[in-house]
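The structure appears right after this line, and notes come after that.
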Amino acid sequence: MLDILNTRTNPTASLAHLTDAQAVIEIHKLKQELQDKVVLLGHHYQQDDIIQFADFKGDSLQLAKDAAKLSNPYIIFCGVHFMAETADILTSNEQQVILPDLDAGCSMADMASINEVENAWYNIAAVTNDTVVPVTYVNCTASLKAFVGKNGGTICTSSNAKKVISWALNKGDKLLFFPDQHLGRNTCYELGVKLDEMVTYNPNLQNGGLTTEEIQKAKVILWYGYCSVHKGFHLEHIHQIRKSKPETQVIVHPECSFDVVQASDDNGSTAYIIDQVRKAPIGSSFAIGTEINLVNRLKQEMPDKEIISLSPYQCLCTTMYRVRPKWLYASLLSIKEDKPINIISVDPQIAKFAAIALERMLTI
Ligand code: 13P
Ligand code: SF4
């Protein structure tokens, strides 16, 4: 079996014969065998056949906090690339973080590169003397985390966005928030920033598509990025639910657009959504605007509540979906054979400044 580890990082061809069901049986055995060496972290959007193996389940904030406390030599991160990078930054050099499928990225994180953000930073500085505080959503590459660390800013997750953005708004004259325009807009609005005090910076356009005056006047500059999964929830879905099931509570993730969040009854991180649904009395009814694997899991867990997805279409995160039992098995096997694959290793210089930003976040 070791041959599969020498062929490719994702040994597709050599594992072709292995069904998910067989891989699950093998994972149970290997996990038991490697229990002192390996710990598994799993994000709420993972599929059931993966999340069942997670020693720690959580939203982005919780998993970052969990990673920071671990001492096991190997951490297998069942989630997406930026989450594994965060875990690598928060753990020691002796520990190794493994992502079962290296192609498990995040389309939102891909919408802001370090070059684009640096350009925006210089464009903004060229037209204003205001103090600009840069804040990045944790869904971004490590180099952007380092950028905010170097430039007096910090990082937020959907759980702590209100606290972090409020800190940034008090610290400077302007906030530059990337990559998710929706989390930025929804949170700033909740904190009292008016819509006409926010502008959207599109790196594909000259000067972000903004005039000098627009940049000078803005309190908040939002990067144009978004989550393609949460973009699938629309105002019409809420109107539909209000008409057909008026007793249903609509709860959505703050990566949804402004009109959806405004029309919903509540919004919050994946951990918040889980908590609210669990706390609700038996017989409650929810339409949830977040990734379908989590919605389906809540539905199974609470048959005494009516739980549906806010959208009639499958809002599935295809990159989270890439983590399959085969790849988890291959990762565990590689550890057993002392030839670990798919190691996520952030450049030490980048990690140093990203760690400053993450620690700043954890103390806010
Ligand atoms: P949470 O931090 O709420 O788990 O969100 C992470 C994410 O990627 C949502 O799309
Ligand atoms: Fe990225 Fe959206 Fe998937 Fe979250 S759901 S990991 S933001 S693409």
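Whatever order the structure lists them in is the order used to number ligands and atoms, beginning at 1.
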Is there a path of hydrophobic side-chain contacts, each under 4.5 Å between heavy atoms of I, L, V, M, F, W or Y residues, that connects [X] with [Y]?
X      : Y      : result
Phe56  : Leu358 : yes
Tyr272 : Leu191 : yes
Leu63  : Leu99  : no
Phe258 : Tyr201 : yes
Leu333 : Leu40  : yes

Per-atom filter on ligand 1: closer than 4.0 angstrom to a heavy atom of Ser60 are 1 (P), 2 (O), 4 (O), 5 (O), 6 (C)
Atoms of ligand 1 under 4.0 Å from any heavy atom of Ser269, numbered from 1 in the order shown, are 3 (O)
Protein contact of [atom] - nearest heavy atom, named by residue and atom, plus distance:
atom                    : value
atom 7 (S) of ligand 2  : Asn139 ND2, 3.2 Å
atom 8 (S) of ligand 2  : Ser107 OG, 3.6 Å
atom 1 (Fe) of ligand 2 : Cys106 SG, 2.4 Å

When Ser264, Ser311, Ser257 are each screened for side-chain contact (heavy atoms from CB on, under 4.5 Å) with Phe233, the one that passes is Ser311
Specify side chain, backbone, both or neither for [X], according to which of its non-hydrogen atoms lie closer than 4.0 Å to ligand 1.
X      : answer
Asp59  : both
Glu255 : side chain
Glu291 : neither
Met108 : neither
Asn139 : side chain

Examine Cys227 and say whether one of its N/O/S atoms is closer to atom 1 (Fe) of ligand 2 than 2.8 Å. no
- [ ] State if Tyr272 counts as touching ligand 1 under the rule of any non-hydrogen atom under 4.0 Å.
- [x] no
Does Met320 reach ligand 1, in the sense of a heavy atom lying below 4.0 Å from it? no
So for Glu255 against ligand 2, with non-hydrogen atoms under 4.0 Å, the contacting part is side chain
message = Under 2.8 Å from atom 3 (Fe) of ligand 2, is there any N, O or S atom belonging to Cys317?
response = yes
ask   = Once the angle between the rings of His230 and Tyr45 is folded into 0 to 90°, is it parallel (under 30°), tilted (30 to 60°) or perpendicular (over 60°)?
value = tilted
Parallel under 30°, tilted from 30 to 60°, perpendicular over 60°: which one fits the rings of Tyr226 and Tyr224?
-> perpendicular
- Query: Any N or O of His253 that comes nearer than 3.5 Å to an N or O of ligand 1?
  - Reply: yes
>> If you measure every N or O of Ser158 against every N or O of ligand 1, does any of those distances drop under 3.5 Å?
In response: yes
Looking only at heavy atoms, the pair that brings Pro254 and Asn267 closest together is CB-OD1, 3.7 Å
Between His253 and Thr270 the two heavy atoms that sit nearest each other are CD2-N, 3.8 Å
Is it true that the NZ or CZ of Lys37 lies under 6.0 Å from the centre of Tyr74's six-membered ring and within 45 degrees of the ring axis? no
Numbered in order shown, the ligand 2 atoms found under 4.0 Å of a heavy atom of Tyr45 are 5 (S)
